[in-house]
Every structure is written in structure tokens, then in C-alpha cells.
Amino acid sequence: MDHAGKGSTTPLKRCAIFLTLAVGLIVAGLSLGQPREAIALSDVQVEELVKRSFQYVAMYNVNNKSAIQNRGWNTCVADTQLKDHTLKLIARPNNDSLYIVCMLDLRKDPVILEMPAFDSKYVSLMITGNDHYVNIPVSTRQGDFQQPETMLIFSERTAGYEKGERVKGVDRYFEATGDFLSAVFRVMPHSNDPERFDRITKQMKSVDLLTLSEMRGEEPESIDDVDFPAVGETDLDIFENNLLEVMQFVFNHTTFDSGNELDQELLALYQPLGVVPGRTYNPEKVAPLDGERVRKVAERIEAEEMAKAGQMAANTGLFKTKGDIGLELLLFQSVYGPIGQPAVEAVYPAVGTADGEPMNAQNDYVIRMTADELPPAQAFWSLTLYDTKNGFFIPNDRKKYSVGENGGMQLNEDGGIEIYIVAEKPEGVPEENWLPLKRGDYGIDVVLRVYVPDLKKFETWTPPKAEKL
């Protein structure tokens with residue numbers, strides 16, 4: 001597990017925080033199950049609440065927005081077009097691979113994914129619940145997707161299935177930590193090869209989903225009986241408007257381990273507030289929060305985490321499974337850009353500037369790499385431009401947001417590359433290596449994606465710097 005940094009609280013201090021909160025609530029006469037009155041939380045308590053909730057708030061927002069966008073739960077949607085600046089679902093979206101997004105509801109039935117063989121140099125399946133722990137059960141890195149396979153997915157609460165039960169026609173089994181999941185395939189589409197691109201997109205469209213009942217020829221169980229808490233336009237909206245309602249929902253549909261320190265500290269923090277696994281949310285039975293105050297703390301924490309991007313985005317401890325990642329990195333990845341892959345599959349180093357100043361769209365930049373300085377990718381790499389505030393693509397008529405094998409790139413005669421981030425393309429610069437910039441006084445940032453990195457080389461490799469022109 002990752003160890004906390006210098007600014008983190010020790011286990012002893014954390015216990016003191018939780019005890020102080022519990023005692024404060026009891027003294028105020030707020031016994032569980034009784035109508036609640038507004039309470040005065042200390043600054044430390046509110047900060048703990050926000051930091052320990054961010055991973056759940058961010059993933060609830062992302063997963064539920066995705067379900068709304070992709071026709072609900074127990075559906076798979078293959079997106080065979082590269083993304084553009086109209087995408088607002090998630091910060092710092094990927095523009096160098098295509099997605100198949102399957103939204104799973106495991107409450108009443110296991111779900112079975114039918115996966116084809118893929119004619120691509122890179123494919124992975126990422127499964128993520130509302131706890132934001134990332135699982136990659138199959139990927140080309142592991143030698144998978146060479147032949148069609150099926151995978152049965154369930155949680156400890158799934159009805160109609162016992163763990164360990166073998167089902168005819170099922171090749172793989174996966175136990176998830178939540179009832180509501182995103183199962184996302186990343187597929188490198190080889191867009192510079194039209195025939196191969198066409199084959200790959202057809203393979204993507206063949207991915208299918210059915211419940212165990214359907215596989216057995218029975219009627220599927222109805223899943224239209226859920227009253228989901230409202231999503232927020234941003235995570236900050238949930239912190240302000242309906243944090244306790246969202247967390248109660250998350251608690252009811254997530255597996256918490258008695259031996260997991262982060263799980264138990266989270267449950268201890270929320271119990272005095274009236275949010276307990278298995279309980280029905282009742283606004284009259286929980287301790288009202290000052291939403292505006294919670295939002296302000298969340299805004300501050302969000303800004304603090306974003307300021308760490310240069311040093312943290314390439315951290316090889318991000319996006320790991322439960323028990324293999326600590327609170328510090330969980331918080332950062334949930335703020336910076338939810339749903340990424342672990343380092344064995346991909347790393348996401350940010351590109352800083354040569355002068356150490358933040359990048360701004362009032363200026364033009366060039367990023368230079370010699371052949372020896374190219375990212376140590378064993379599959380492929382890309383470089384993508386975003387606006388800093390929202391993490392979205394910067395609009396341009398060419399719909400050009402990234403440089404790489406899919407977005408287009410042209411190496412120079414020595415095997416290196418120069419990438420220009422400018423408002424007007426300089427003479428002699430290849431079109432593929434130009435990232436158009438909409439002039440204005442706003443922050444911009446650049447993220448590299450390195451797929452199947454050589455982690456040994458990555459230890460000594462330095463990301464390139466953007467030079468102001």
C-alpha cells in the first residue's frame with residue numbers, strides 16, 4: 001500500500017478525528033435513528049470527510065452519467081469515432097483509443113460479457129466500481145484477446161449466483177467490489193490503416209452482454225426499480241447538494257472489508273452522521289451538512305491536488321486494485337482524471353515547461369524529443385492538449401487534439417519529433433505535428449499517455465518540456 005506523505009494524518013490522529021466527531025454528535029443529542037439537527041464540524045473533520053469521499057463521489061458521478069449517456073444499465077455501447085471537444089463526460093478524456101462502454105447492474109443477476117478476438121496491437125478491459133479501485137482482468141499485454149471468450153461478473157450481493165459456481169459456456173469469472181460498474185474496453189483502432197480500422201470497429205460492435213438468466217433462456221430480472229441520487233454537473237455539486245444521499249447509496253452497493261483500513265475509517269467517519277451500509281436514506285434522519293462550506297473545502301482540495309499534477313500524474317502507483325493504493329493517490333487520481341489504468345498498462349506523465357511557468361494560451365509552445373527521448377512505449381504513445389480549468393479538449397476546426405499513432409504524427413529524419421502548440425501553423429511544420437491553439441488568457445496543459453511502458457526504462461526517462469516560442 002502507498003504510504004502517506006508528510007502532510008497526511010497518522011493512524012493515531014485519524015482515530016482521534018473520528019472519535020472527536022462521534023463524541024461531538026452524541027453530546028449534541030444526535031443518537032442514530034432520531035431526527036437530526038445541524039451540527040458544527042471542525043475544519044479538520046470537514047477536510048477528512050471530503051478527502052475520504054472524493055473517490056466515491058467522482059466515480060458515482062462518472063458511472064451514472066455514463067449510464068445516462070449510454071442508454072442505461074446492462075448495456076454495451078461501442079463508440080467507434082474518436083472523441084472531440086463536445087465530450088464533457090469526464091476530465092482529460094482519451095483521444096487515441098476507442099471505447100466500448102458497458103454499464104453493469106449486478107444486483108439481481110450476474111452479467112456475462114461476450115468478447116471477440118481483436119486485430120489490434122492494444123486492447124484492455126477495465127472494470128471500476130464506485131470505490132474507484134481499478135481492475136484490468138484481461139489485456140493484450142497479458143496475451144488476451146487472441147480468441148473469443150466469455151466472462152461472468154458478479155458481486156457478493158448478486159442474487160441467483162453462488163461464488164465458485166461454474167456455468168457452462170463461461171470461460172472467466174470476476175468478482176467485483178460493487179453492484180454498479182463500468183466495464184470499459186480500450187481499443188487501439190489503427191486509424192491510419194483504413195482496412196484494419198474497419199475490421200477493428202466491426203469487432204468492437206460484436207461485444208455483447210447478457211445476464212445469467214438470459215443465458216439460461218429465462219426472462220431477465222427487471223432492474224428499473226432503482227431511485228438514483230442526482231448526479232452533479234461537477235463533483236463539487238454533489239459535495240454541496242447531496243453528499244450524504246450519494247454516500248448512502250454507495251454504501252448500500254459496495255463491498256467493504258473488515259480488514260481494510262481505508263474502508264473501516266470511512267465507515268467510522270460516516271456512522272455518526274447517520275449514513276450506514278444497508279440503511280434507506282432519509283434526509284430527516286441524517287445530520288444536515290453545511291453544503292456551501294463542504295463545497296468550499298472540496299474546491300480547495302481540488303485545487304491543491306491539481307497543483308500536484310506535474311509530480312503525480314506519472315506516478316506508477318496510480319489506478320491500482322483495492323489494497324494496493326493509499327488515500328493520497330486515490331484522492332489525486334479522483335480529482336485529476338478518474339478511470340485510468342495501472343502503470344503496467346499505461347502511464348500518464350504531464351508535460352511541464354522549460355521555464356517552470358504554467359502554460360497559457362496567450363503563448364505558443366514547441367515540444368521537442370530526439371529519437372532517444374521518445375516515450376518508452378512497448379505498444380504506443382500519444383500526447384494530448386487540454387484546457388487546465390475543465391480538462392477538456394480545446395475546440396478547433398481541424399478537431400486535432402493529440403499527436404500520436406492514431407491522432408497522426410510525423411517523425412523527423414533522425415527519428416525524433418517536434419510538436420507545435422500554436423495558434424497558426426508555422427511554415428514547414430507537418431500538419432500531423434500541429435496542435436491548434438485558441439488564443440486567450442487561460443491555462444493549458446499537456447498529458448502524455450504511454451501504453452505498456454517499459455517500466456525499467458521509465459524509471460530513468462524524463463518527460464519532455466514545452467518551450468515557449
Side-chain angles (χ1 to χ4, degrees), residues 85 91-96 303 306-316 336-337 346-377 380-451 453-454 457-469:
H85 58 265
R92 288 163 190 80
N94 186 346
N95 195 48
D96 50 40
M306 287 301 300
K308 301 175 184 177
Q311 68 186 71
M312 295 280 279
N315 192 304
T316 56
Y336 184 68
V347 289
Y348 309 90
V351 175
T353 58
D355 61 10
E357 295 295 321
M359 297 177 70
N360 190 285
Q362 294 181 105
N363 307 311
D364 291 332
Y365 298 88
V366 62
I367 297 171
R368 308 179 198 271
M369 289 182 280
T370 67
D372 292 336
E373 294 169 337
L374 293 178
F380 72 105
W381 63 270
S382 70
L383 180 152
T384 310
L385 177 66
Y386 302 98
D387 77 80
T388 301
K389 181 179 179 181
N390 299 304
F392 298 150
F393 297 136
I394 295 174
N396 65 87
D397 293 338
R398 294 172 64 242
K399 293 190 175 182
K400 174 70 169 175
Y401 317 102
S402 65
V403 171
E405 189 168 345
N406 278 288
M409 67 176 179
Q410 189 175 133
L411 301 179
N412 58 37
E413 59 184 12
D414 297 320
I417 193 170
E418 298 83 33
I419 299 167
Y420 286 81
I421 303 171
V422 297
E424 300 292 336
K425 185 180 80 67
E427 185 177 351
V429 173
E431 286 275 337
E432 298 94 329
N433 297 353
W434 171 36
L435 289 175
L437 187 62
K438 182 180 179 182
R439 190 68 75 210
D441 184 9
Y442 61 94
I444 58 176
D445 57 69
V446 175
V447 175
L448 272 163
R449 288 179 170 85
V450 185
Y451 289 87
D454 183 326
K457 291 181 179 179
F458 189 76
E459 289 177 0
T460 57
W461 175 77
T462 302
K465 300 291 186 181
E467 306 168 28
K468 188 187 300 184
L469 295 174

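Considering only heavy atoms from C-beta on, Asn360 comes within 4.5 Å of Asp441 through its side chain. Side chains of Trp381 and Asp96 form no contact here, defined as non-hydrogen atoms less than 4.5 Å apart. A heavy-atom distance below 4.5 Å is found between the side chains of Pro349 and Trp461. No side-chain heavy atom of Met369 sits under 4.5 Å from any side-chain heavy atom of Asn412. Put simply, the side chain of Tyr365 does not reach to within 4.5 Å of the side chain of Leu385, judged on heavy atoms. Leu437 places a side-chain heavy atom less than 4.5 Å from the side chain of Ile394.
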Run the numbers on Gln410 and Asn433 for side chain to side chain donor-acceptor pair (under 3.5 Å), then give the verdict.
CA-CA 6 Å; Gln410 189 175 133; Asn433 297 353; over 6 Å; no
How far apart are the C-alpha atoms of Thr370 and Asp414, what are their side-chain angles, what is the distance that settles it, and do they pass the side-chain contact (heavy atoms from CB on, under 4.5 Å) test?
CA-CA 8 Å; Thr370 67; Asp414 297 320; over 6 Å; no
Hey, mind stepping through Thr353 and Asp355 against side chain to side chain donor-acceptor pair (under 3.5 Å) and telling me if it holds?
CA-CA 5 Å; Thr353 58; Asp355 61 10; 3.1 Å; yes
With salt bridge (Lys or Arg N to Asp or Glu O under 4.0 Å) as the criterion, how do Asp445 and Lys389 come out once you've worked through the C-alpha distance, each side chain's angles and the decisive distance to 0.1 Å?
CA-CA 9 Å; Asp445 57 69; Lys389 181 179 179 181; over 6 Å; no
Applying side-chain contact (heavy atoms from CB on, under 4.5 Å) to Gln362 and Ile444, what does each step give before you reach the verdict?
CA-CA 10 Å; Gln362 294 181 105; Ile444 58 176; over 6 Å; no
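For Lys400 (side chain) and Ser402 (main-chain N/O), a donor-acceptor pair under 3.5 Å exists by modelled atom type. Put simply, the side chain of Arg449 never gets that close to the backbone of Leu383: no donor and acceptor are under 3.5 Å apart.
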Identify all side-chain donor-acceptor contacts of residues 419-431 below 3.5 Å with residues at least two apart in sequence or on another chain.
residue, atom, partner, partner atom, Å
Lys425, NZ, Val429, O, 3.0
Glu431, OE1, Arg398, NE, 3.1
Glu431, OE1, Arg398, NH2, 3.0

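Each salt bridge (charged side-chain N to carboxylate O under 4.0 Å, His left out) pair with one or both residues in residues 403-413, not counting sequence neighbours, appears once here: Lys121-Glu405.
In this structure, Ile367 CD1 and Glu418 CD are separated by 11.5 Å, a value rounded to the nearest 0.5 Å. Atoms CD and CG, on Glu467 and Asn363 in that order, are 13.5 Å from each other to the nearest 0.5 Å.
In terms of heavy-atom proximity, Thr384 sits nearest to Ser382 at OG1-OG, 4.2 Å. When all heavy atoms of Pro93 and Gly391 are compared, the closest pair comes out as CD-O, 3.4 Å. Closest of all the heavy-atom pairs between Ala350 and Pro463 is O-CB, 4.0 Å. Residues Asn390 and Ala91 come closest through the heavy atom pair O-CB, 3.8 Å. Listed here is the closest heavy atom pair of Gly415 and Leu374: O-CD1, 3.4 Å. Taking each heavy atom of Val403 and Met409 in turn, the nearest pair found is CG1-CB, 3.5 Å.
A centroid separation of 6.0 Å or more is found between the aromatic rings of Phe392 and Tyr386.
By the salt bridge (Lys or Arg N to Asp or Glu O under 4.0 Å) test, Asp387 is found to be paired with no residue, residues two or more places apart in sequence or in another chain being considered.
Between Phe393 and Tyr401, the ring planes lie parallel to each other; the angle is under 30°, not in the 30° to 60° tilted range.
No more than 12 heavy atoms of other residues, nucleotides or ligands lie within 6.0 Å of NZ in Lys399, so this atom counts as exposed by the packing criterion.
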